[in-house]
J.: 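Sharing a structure below in structure tokens format, with a few things to ask.
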Amino acid sequence: MPLKFKKPDSLTDIAMHYCPGCTHGIIHRLVANAIDTLGIEGKTVGIASVGCSVFAYNYFTCDMQQASHGRAPAVATGVKRSLPDRIVFTYQGDGDLAAIGTAEIVHAAARGENITVIFVNNAIYGMTGGQMAPTTLNGQVTLTSPYGRRQQEGHPVRMSEMLSTLDGARYIERVSVHNPAHIIKAGKSIIKAFEMQLRGEGFSMIEVLSTCPTNLKMSPVKALKWVENNMIPFYPLGIIKDGSVKV
Amino acid sequence: MITINEEMCQGCGLCVEICPRKILALDESKINDRGHTPIVMTDENACTGCSLCAVMCPDCVIEIE
Ligand SMILES: Cc1ncc(C[n+]2csc(CCOP(=O)(O)OP(=O)(O)O)c2C)c(N)n1
Ligand code: SF4
Ligand code: SF4
Ligand code: SF4
Ligand SMILES: [Mg+2]
């Protein structure tokens, strides 16, 4: 009898270094499952970024490259343009994509590069110990916003909505992994984005709301509730832009 | 039938919380090689094979057939 649930073949057997209950692990599994489902492991190239997911290259069996902070969309552009038959994705945190890498993501989207971006928004700089990110919510306490984020620190940036105004961006959706129903939905969205790339349809980004229990200083269960109750009201889920060819 | 790869478990409790039958628990008597308290199945017969625990697990600890 076939297994009803098993670890995707496109994930290595290496134990991931993420903290207990961190949803980076779930998102890795969804990306690997998409690669398995589409049978593209042999021609996929992933670009890891800087942040807790810096070691993502250890966890996927496909070809991987690590980019310097924020530069993953530029590296992905180079790989995709020189090897157009490859399926190229970036895996970037919110510090990486929305702070130091803002220029790269904006221009990759504006150019309409035929790549897929997995944008993991956990509203914080996880790796470096919990500093405020551009995506940190108003009032959210972090290491560098000890009184809660105030107006003088700027308002949180909704990257998906911002990028959707660019003509080059074809598909942008925000999903979440705070419960099984949303995890399954997120997995389908990632498959859709890869399928679009296979058809040469251009730039796609899936923003995944994620948790950092360690720096939120909450249990993993409470951190999922925090995403549901605090992040989703500010970062509404759903398709933000759909320029995909209907098939 | 669920299979638990105890050595990969980080004891985060996400599966324990989501299981509708409340048959997964952290086994406080154990520490695995990763230094965590792994889960244990407390009543195999009550498991419906719904897979919710496996879907929630960030570490691919649980397989279901
Ligand atoms: C050029 C450069 N500047 C700053 C850093 C420090 N740094 C490492 S990771 C990081 C932020 C990561 O946050 P995010 O992308 O949200 O990833 P997370 O860890 O939350 O998944 C920063 C600022 C660096 N490594 N390189
Ligand atoms: S610091 Fe946060 S984002 Fe990084 S692995 Fe730990 S929980 Fe995950
Ligand atoms: S498969 Fe369903 S019933 Fe069985 S342990 Fe997992 S969550 Fe509980
Ligand atoms: S969700 Fe996975 S890692 Fe967390 S306690 Fe359950 S089996 Fe262990
Ligand atoms: Mg982050």
Side-chain angles (χ1 to χ4, degrees), chain A residues 1-33 36 52-53 59-61 120 122 176-188 208 210-214 218-225 227-228, chain B:
Chain A
M1 212 178 97
L3 283 170
K4 253 169 68 181
F5 191 99
K6 72 171 191 53
K7 181 176 173 160
D9 294 336
S10 297
L11 278 186
T12 64
D13 286 330
I14 299 171
M16 292 193 245
H17 70 286
Y18 299 111
C19 304
C22 171
T23 46
H24 265 304
I26 297 177
I27 302 165
H28 279 35
R29 189 184 77 224
L30 297 180
V31 172
N33 186 56
D36 282 7
C52 280
S53 53
Y59 307 137
F60 292 96
T61 59
V120 180
N122 58 8
S176 175
V177 291
H178 67 280
N179 67 28
H182 279 90
I183 292 171
I184 290 163
K185 194 162 187 295
K188 288 185 178 153
V208 190
S210 186
T211 64
C212 176
T214 299
M218 290 176 196
S219 72
V221 169
K222 285 212 174 100
L224 295 178
K225 277 275 159 230
V227 167
E228 185 178 3
Chain B
M1 234 309 260
I2 95 165
T3 315
I4 296 168
N5 184 356
E6 245 179 50
E7 280 305 322
M8 292 294 272
C9 178
Q10 296 212 75
C12 71
L14 293 184
C15 60
V16 175
E17 174 75 13
I18 205 74
C19 174
R21 308 304 297 262
K22 298 291 167 220
I23 50 177
L24 298 173
L26 296 177
D27 183 354
E28 303 287 351
S29 72
K30 279 189 188 159
I31 297 179
N32 65 15
D33 285 351
R34 294 182 84 178
H36 297 295
T37 305
I39 53 154
V40 61
M41 162 62 87
T42 60
D43 184 359
E44 198 138 3
N45 294 328
C47 177
T48 59
C50 69
S51 304
L52 295 182
C53 53
V55 172
M56 267 332 288
C57 178
D59 289 86
C60 294
V61 170
I62 302 168
E63 282 197 340
I64 308 210
E65 40 183 340

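Just the heavy atoms: all of them, side chains too, but no hydrogens, waters or symmetry mates, feed the values below. Throughout, protein chains are lettered first and strands after them, A, B, ... in sequence-line order, and every chain is numbered starting at 1. Values in this document were obtained by computation on a predicted structure and should not be read as measured data.
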J.: So with a 6.0 Å cut-off around NZ of A:K6, is the heavy-atom count from everything else above 12?
T.: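 Buried by this count: over 12 neighbours within 6.0 Å.
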J.: Select one option (side chain, backbone, both, neither) describing which atoms of B:I62 are under 4.5 Å from chain A's heavy atoms.
T.: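 Just its backbone gets close to chain A.
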J.: Sub-3.5 Å donor-acceptor pair from the side chain of A:K4 to the main-chain atoms of B:G49, do we have one?
T.: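 Checked: pair present.
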J.: Enumerate the salt bridge (charged side-chain N to carboxylate O under 4.0 Å, His left out) contacts for residues 11-22 of chain A, please, sequence neighbours excluded, ordered by first and then second residue.
T.: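 Applying salt bridge (charged side-chain N to carboxylate O under 4.0 Å, His left out) to every pair that reaches into residues 11-22 of chain A, excluding sequence neighbours, yields A:K7-A:D13.
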J.: What are the residues of residues 11-19 of chain B, in order of number, with any heavy atom under 4.5 angstrom from a heavy atom of chain A?
T.: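 Result: B:C12, B:G13, B:L14, B:E17, B:I18.
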J.: Name the region of A:H182, side chain, backbone, both or neither, that has any atom closer than 4.5 Å to a heavy atom of chain B.
T.: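 Neither part; nothing is under 4.5 Å.
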J.: Just verifying a value: how many Å separate A:C19 SG and B:Q10 CD, rounded to the nearest 0.5 Å?
T.: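 One gets 8.0 Å once the value is rounded to the nearest 0.5 Å.
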J.: For each of A:V221, A:V177, A:L224, tally heavy-atom pairs with chain B at distances under 4.5 Å, and name the one with the top tally.
T.: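 Going by pairs under 4.5 Å, I would pick A:V221.
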J.: Tabulate, in ascending numerical order, the residues of residues 20-40 of chain B having at least one heavy atom closer than 4.5 Å to a heavy atom of chain A, or enter 'none'.
T.: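 The list, in residue order, reads B:R34, B:H36.
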J.: So how far is it from A:F5 CZ to B:L52 CG, rounded to the nearest 0.5 Å?
T.: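 So the gap between those two atoms works out to 10.5 Å.
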J.: Would you say B:C60 and A:L11 make side-chain contact, with heavy atoms under 4.5 Å?
T.: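 Yes - at least one pair of side-chain heavy atoms lies under 4.5 Å apart.
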J.: Do any of residues 24-33 of chain A come closer than 4.5 Å to chain B, heavy atom to heavy atom, and if so which ones, in number order?
T.: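 Listed by number: A:G25, A:I26, A:R29.
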J.: Hey, what do you get for OH (A:Y18) to CG (B:D59), rounding to the nearest 0.5 Å?
T.: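 With rounding to 0.5 Å, OH (A:Y18) is 10.5 Å from CG (B:D59).
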J.: At a heavy-atom distance under 4.5 Å, which candidate from A:G187, A:P213, A:G21, A:P8 has the highest pair count against chain B?
T.: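 Max contact count across the listed options: A:G21.
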J.: Is chain A contacted by the side chain of B:M56, its backbone, both, or neither, given a heavy-atom distance below 4.5 Å?
T.: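 Interface part for B:M56: both.
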